[in-house]
Amino acid sequence: MSMAQRAEPAVGTTPPASGPKDSDGRTARRPLALRLLARPEVGVFLGAAAVLVFFLIVAPSVRQGSSMATVLYQSSTIGIMALPVALLMIGGEFDLSSGVAVISSALTASMLSYQLTLNVWTGVIVALLVSLAIGFFNGWMVVKTGLPSFLITLGTFLILQGVNLAVTKLITGNVATDDISDMDGFGQARKIFASSFDVGGVQVKITVVWWLAFAALATWVLLRTKYGNWIFAVGGSKDSARAVGVPVTFTKISLFMLVGFGAWFVGMHNLFSFNTVQSGEGIGNELIYIAAAVIGGCLLTGGAGSAIGPVFGAFMFGMVNQGIVYAGWNPDWFKAFLGVMLLGAVLINLWVQRTATRR
């Protein structure tokens, strides 16, 4: 029997209808609910809403505009750093030095300006260069050595922690920098990094605006640019990404430098908010930034996540931080509450992923 004969339909067989075909679980269009669950930020959005409702009930003072402004401020100082940390995690890497890098940036700007009697903008610019250099060093070491970023940035964390304290004591004779509030350029810098504005009689910190603006920019970069595709590609598989022409070295180093930029920005906010910097601060904040990103749906293995998820993750941290105070609870429970929240978010994300990919 010829091939053409074998291909002919059997006699009496009804030809397939021209309408929609029956499809198996692999090709059927999933329901809208499952497609929404597949979004990495949906789980944390529901969690943030639940935390907000909870504290609105148990702490009535949270309902006041000034209280919510404080919550948003606390969230913004975490969220501004959580965004570049999240992008770095999507790219498959970690940065354990981000917390102390914030203080390194602030110390650089403060001591350089005060000790040399310079305009504070000189210190701000030099601090930016130092922060970017720290990020470049981390990225370059990770790419060139092939060592895990966990180890590289842990080393950087210890170096910066020691340098922050030792250099500050050496130059100022104290563990804190001198007050720079009366120096040239301070007022202008404060307007950019640490000012407030009135909304319906409530004072809102400018960092809230910067936080949301950076989130919008990061979302656009991830979803609408070639660089965003590169981030997902190197996080999924750097070897495969390199094979299709993705500049892996540039992408990874630039992501670490973005973390450096975030550290500089938050460091400048701290400096111009309080006029001075404590050299021993920042330790442990890197875990909060990473936790906000993980709660926001960024996978520890890289290659998945969003910029919106960490926004809600940072809001949860700010809400819990201030909500415990407004509820009159012992603040010692804060870290325990965050630990429970982190584990809960990881479990929810796991359930969401399994539900979204179920046939």
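Keep in mind that the numbers below use all heavy atoms, side chains included, and drop hydrogens, waters and symmetry copies.
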With no hydrogens and no angle check, do the side chains of [X] and [Y] hold a donor and an acceptor under 3.5 Å apart?
{"X": "Ser97", "Y": "Thr153", "answer": "no"}
{"X": "Asn174", "Y": "Thr172", "answer": "no"}
{"X": "Thr207", "Y": "Ser76", "answer": "yes"}
{"X": "Asn164", "Y": "Ser104", "answer": "yes"}
{"X": "Ser181", "Y": "Asp179", "answer": "yes"}

Decide yes or no for [X] and [Y]: does some side-chain heavy atom of the first lie under 4.5 Å from some side-chain heavy atom of the second?
{"X": "Met111", "Y": "Thr168", "answer": "yes"}
{"X": "Phe157", "Y": "Ile283", "answer": "yes"}
{"X": "Val124", "Y": "Leu128", "answer": "no"}
{"X": "Asn270", "Y": "Val277", "answer": "no"}
{"X": "Ser75", "Y": "Val71", "answer": "yes"}
{"X": "Met81", "Y": "Val102", "answer": "yes"}
{"X": "Ile180", "Y": "Val120", "answer": "yes"}
{"X": "Val259", "Y": "Asn138", "answer": "no"}

Taking [X] for the side chain and [Y] for the main chain, is one N or O donor matched with an acceptor at less than 3.5 Å?
{"X": "Ser105", "Y": "Ala101", "answer": "no"}
{"X": "Ser237", "Y": "Ala233", "answer": "no"}
{"X": "Arg63", "Y": "Leu56", "answer": "yes"}
{"X": "Glu286", "Y": "Gly284", "answer": "yes"}
{"X": "Thr70", "Y": "Ser66", "answer": "yes"}
{"X": "Thr77", "Y": "Gln74", "answer": "yes"}
{"X": "Ser306", "Y": "Gly309", "answer": "yes"}

Shared ILVMFWY cluster between [X] and [Y], side chains joined below 4.5 angstrom?
{"X": "Phe186", "Y": "Val126", "value": "yes"}
{"X": "Leu147", "Y": "Ile253", "value": "yes"}
{"X": "Ile103", "Y": "Val163", "value": "yes"}

With ring centroids as reference points, do [X] and [Y] lie under 6.0 angstrom apart?
{"X": "Phe214", "Y": "Phe265", "answer": "yes"}
{"X": "Phe150", "Y": "Phe94", "answer": "no"}
{"X": "Trp264", "Y": "Phe261", "answer": "yes"}
{"X": "Phe256", "Y": "Phe136", "answer": "no"}
{"X": "Tyr326", "Y": "Phe55", "answer": "no"}
{"X": "His269", "Y": "Tyr73", "answer": "yes"}

- request: Report the C-alpha distance between Ser254 and Tyr227 in whole Å, list the side-chain angles of each, state the deciding distance to 0.1 Å, and finish with yes or no for side-chain hydrogen bond (donor to acceptor under 3.5 Å, both in side chains).
  value: CA-CA 10 Å; Ser254 63; Tyr227 183 71; 2.6 Å; yes
message: Apply side chain to side chain contact (heavy atoms under 4.5 Å, CB included) to residues Leu96 and Ile290 and explain how you reach the verdict.
response: CA-CA 9 Å; Leu96 295 180; Ile290 293 174; 3.8 Å; yes
Looking only at non-hydrogen atoms, find the nearest pair between [X] and [Y] and report the distance.
{"X": "Gly91", "Y": "Leu255", "answer": "CA-CD1, 4.0 Å"}
{"X": "Trp211", "Y": "Val311", "answer": "CZ2-O, 3.4 Å"}
{"X": "Met183", "Y": "Thr117", "answer": "CE-CA, 4.2 Å"}
{"X": "Pro84", "Y": "Ile80", "answer": "CD-O, 3.0 Å"}
{"X": "Ala176", "Y": "Thr276", "answer": "CB-OG1, 4.2 Å"}
{"X": "Tyr289", "Y": "Ser98", "answer": "CD1-OG, 3.5 Å"}

query: When you look at Asn285 and Ile288, which way does the side chain to side chain contact (heavy atoms under 4.5 Å, CB included) test go after all the steps?
result: CA-CA 5 Å; Asn285 287 348; Ile288 294 179; 4.1 Å; yes
Interatomic distance, [X] atom [atom1] to [Y] atom [atom2] [nearest 0.5 angstrom]:
{"X": "Ile206", "Y": "Ile192", "atom1": "CD1", "atom2": "CD1", "answer": "9.5 Å"}
{"X": "Trp140", "Y": "Phe137", "atom1": "CH2", "atom2": "CZ", "answer": "8.0 Å"}
{"X": "Leu165", "Y": "Leu107", "atom1": "CG", "atom2": "CG", "answer": "9.5 Å"}
{"X": "Leu116", "Y": "Thr122", "atom1": "CG", "atom2": "OG1", "answer": "9.5 Å"}

What do you reckon, is [atom1] of [X] surrounded by more than 12 foreign heavy atoms closer than 6.0 Å?
{"X": "Lys238", "atom1": "NZ", "answer": "no"}
{"X": "Trp121", "atom1": "CH2", "answer": "yes"}
{"X": "Phe193", "atom1": "CZ", "answer": "yes"}

Parallel, tilted or perpendicular: ring planes of Phe54 versus Trp329, cut at 30 and 60 degrees: tilted
Side chain to side chain contact (heavy atoms under 4.5 Å, CB included) between Ser195 and Arg190, intermediate numbers included: CA-CA 6 Å; Ser195 62; Arg190 184 183 179 88; 5.5 Å; no
query: Run the side chain to side chain contact (heavy atoms under 4.5 Å, CB included) check on Met89 and Val294 step by step: do they pass?
result: CA-CA 9 Å; Met89 290 181 63; Val294 172; 3.6 Å; yes
